[in-house]
Amino acid sequence: MLKLEGVGFNYHTPEGEIQAIQEVSLDIKDGEFLSIIGPSGCGKSTLLSLIGGMLRPSAGRVTIDDQEITEPDPRIAWMPQRDQLFPWRTILGNVLIGIEVKRQPTLEDRRKAVALLEKYGLGDFIDRYPNQLSGGMRQRAALIRTLAVEPQILLLDEPFSALDYQTRLTVADEVRMIIQREQKTSILVTHDIGEGISMSDRVVVLSKRPAVIKNCHDVVLSTDSVSPMARRDAPEFGHYFNRIWKELDVQ
Ligand code: ADP
Ligand code: MG
């Protein structure tokens, strides 16, 4: 279990201290899909960097199974905002990069990477280059690269913001389906209310900077589907949307 206990964070700048996170406490269950929504500049990316061990809290602590996170941890992986595939490497070459930065990939690593690409419809593109793939396929390849290092927890910071609206809906659907099948704990940062509700088991709404939790919503919809597109059609969707909209509006 991932736990944030009284986490606070201040940036030190030449002009003085900027308090980005005031106090955030959260328990994130294994396999849970959590979204964090808040106004621009409220501290969402800072909070993810604290969870990912890129920053150390000024107050409180972040733990996985009671072990404090003090530096980037192999159990936690980031899905990049843009796909960040290297154009001169094949899709398989790109997927193996995460492993290569740690050690020489083994035949078994290669086999697993190929199996993941095949499982998620990129089997025919293993030896192609990124510019031969559509935007959605590239995003999928980037997610597979993140999964290839076998993390427990995925951090997604506005991962679809570079995509146009229609592509964004399909890619979000694919990404959510893959994460469900791979059973990863995931934390998605977004400023898109619909994206947050449609993808998540729970939505956390943050205040303006310095961030505190304004509210937590367990998203219970009358559909068994995990597909964000199907979930958007659930009758309760609008109810959550309006409540979160108001919480963000009255800040
Ligand atoms: P969000 O992701 O919610 O848009 P961020 O976490 O990126 O917000 O930033 C929160 C606040 O911290 C912002 O007001 C931003 O200006 C400030 N901030 C972010 N990064 C730095 C930094 N490296 N140095 C100083 N202030 C920063
Ligand atoms: Mg941000």
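Order of listing sets the numbers, starting from 1, for every ligand and every atom in it. Nothing fancy with the numbering, it's 1 onward along the sequence.
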Q: Check the surroundings of atom CD in Glu17: do more than 12 heavy atoms from other residues, nucleotides or ligands lie under 6.0 Å from it?
A: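 Yes, the 6.0 Å shell around CD holds more than 12 heavy atoms from other groups.
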
**Q.** For atom 24 (N) of ligand 1, the protein heavy atom that lies nearest, with its residue and separation
**A.**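 Protein heavy atom at minimum distance: Tyr11 CD2, 3.6 Å.
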
Q: Please write down residue, atom name and distance for the protein heavy atom closest to atom 7 (O) of ligand 1.
A: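 Of every protein heavy atom, Ser45 CB, 3.7 Å lies nearest to atom 7 (O) of ligand 1.
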
Q: Look at the rings of Phe241 and Phe237 and say which category their plane angle falls in: under 30° parallel, 30 to 60° tilted, over 60° perpendicular.
A: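 Plane angle between 30° and 60°, so tilted.
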
Q: For atom 15 (C) of ligand 1, decide whether some protein heavy-atom distance is shorter than 4.0 Å.
A: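 False for atom 15 (C) of ligand 1.
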
Q. Under 4.0 Å from atom 18 (N) of ligand 1, do we find at least one protein heavy atom?
A.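 True for atom 18 (N) of ligand 1.
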
Q) Is Asp192 paired with Arg168 through a side-chain N to carboxylate O contact shorter than 4.0 Å? A)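 Judged by the 4.0 Å cut-off on N to carboxylate O distance, Arg168 and Asp192 do form a salt bridge.
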
**Q.** Side-chain ion pair, Arg140 and Glu174, N-O less than 4.0 Å
**A.**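 Result for this pair is yes, salt bridge flagged.
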
Q | Part of Arg209 with heavy atoms under 4.0 Å of ligand 1, whether side chain, backbone, both or neither | A |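 Just the side chain.
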
(Q) How long is the straight-line distance from CD of Glu195 back to OG of Ser35, given to the nearest 0.5 Å? (A)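 It is 7.5 Å, given to the nearest 0.5 Å.
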
Q: Tell me the protein N, O or S atoms under 2.8 Å from the Mg ion (ligand 2), in chain and number order.
A: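 As for protein N, O or S atoms lying under 2.8 Å from the Mg ion (ligand 2), they are Ser45 OG.
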
Q: Check whether any side-chain heavy atom of Met79 lies under 4.5 Å from a side-chain heavy atom of Gln139, and answer yes or no.
A: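 The answer is yes; the side chains approach within 4.5 Å.
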
Q. Who's closest to atom 4 (O) of ligand 1 heavy-atom-wise, of Pro39, Pro210, Gly41?
A.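 Checking each option, the heavy atom nearest atom 4 (O) of ligand 1 is found in Gly41.
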
Q) Taking the minimum heavy-atom distance to atom 8 (O) of ligand 1, which of Ala20, Gly43, Ser49 ranks first? A)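 Looking at heavy atoms only, Gly43 sits closest to atom 8 (O) of ligand 1.
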
Within the distance-only criterion (no hydrogens, no angle test), does the side chain of [X] pair as donor or acceptor with the backbone N or O of [Y] below 3.5 angstrom?
X	Y	value
Lys44	Gly38	yes
Glu236	Ser222	yes
Ser227	Ala230	yes
Ser49	Met54	no

Q.
Exactly one of Asp65, Asp27, Asp30 should register a salt bridge (Lys or Arg N to Asp or Glu O under 4.0 Å) with Lys3. Which one does?
A.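 By the salt bridge (Lys or Arg N to Asp or Glu O under 4.0 Å) criterion, Lys3 pairs with just one of Asp65, Asp27, Asp30: Asp27.
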
Q) So is there a nitrogen or oxygen of Ile18 less than 3.5 Å from a nitrogen or oxygen in ligand 1? A)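 No: no nitrogen or oxygen of Ile18 is under 3.5 Å from one in ligand 1.
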
**Q.** Under 3.5 Å: N/O of Thr13 near N/O of ligand 1
**A.**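 So ligand 1 has no N or O lying under 3.5 Å from an N or O of Thr13.
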
Q) Does ligand 1 have any atom sitting under 4.0 Å from a heavy atom of Gly38? A)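 Judged by the 4.0 Å heavy-atom criterion, Gly38 does not count as contacting ligand 1.
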
Q) Against heavy atoms of Thr46, which atoms of ligand 1 measure under 4.0 Å? A)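 Reading through ligand 1 atom by atom, the close ones are 5 (P), 6 (O), 9 (O), 10 (C).
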
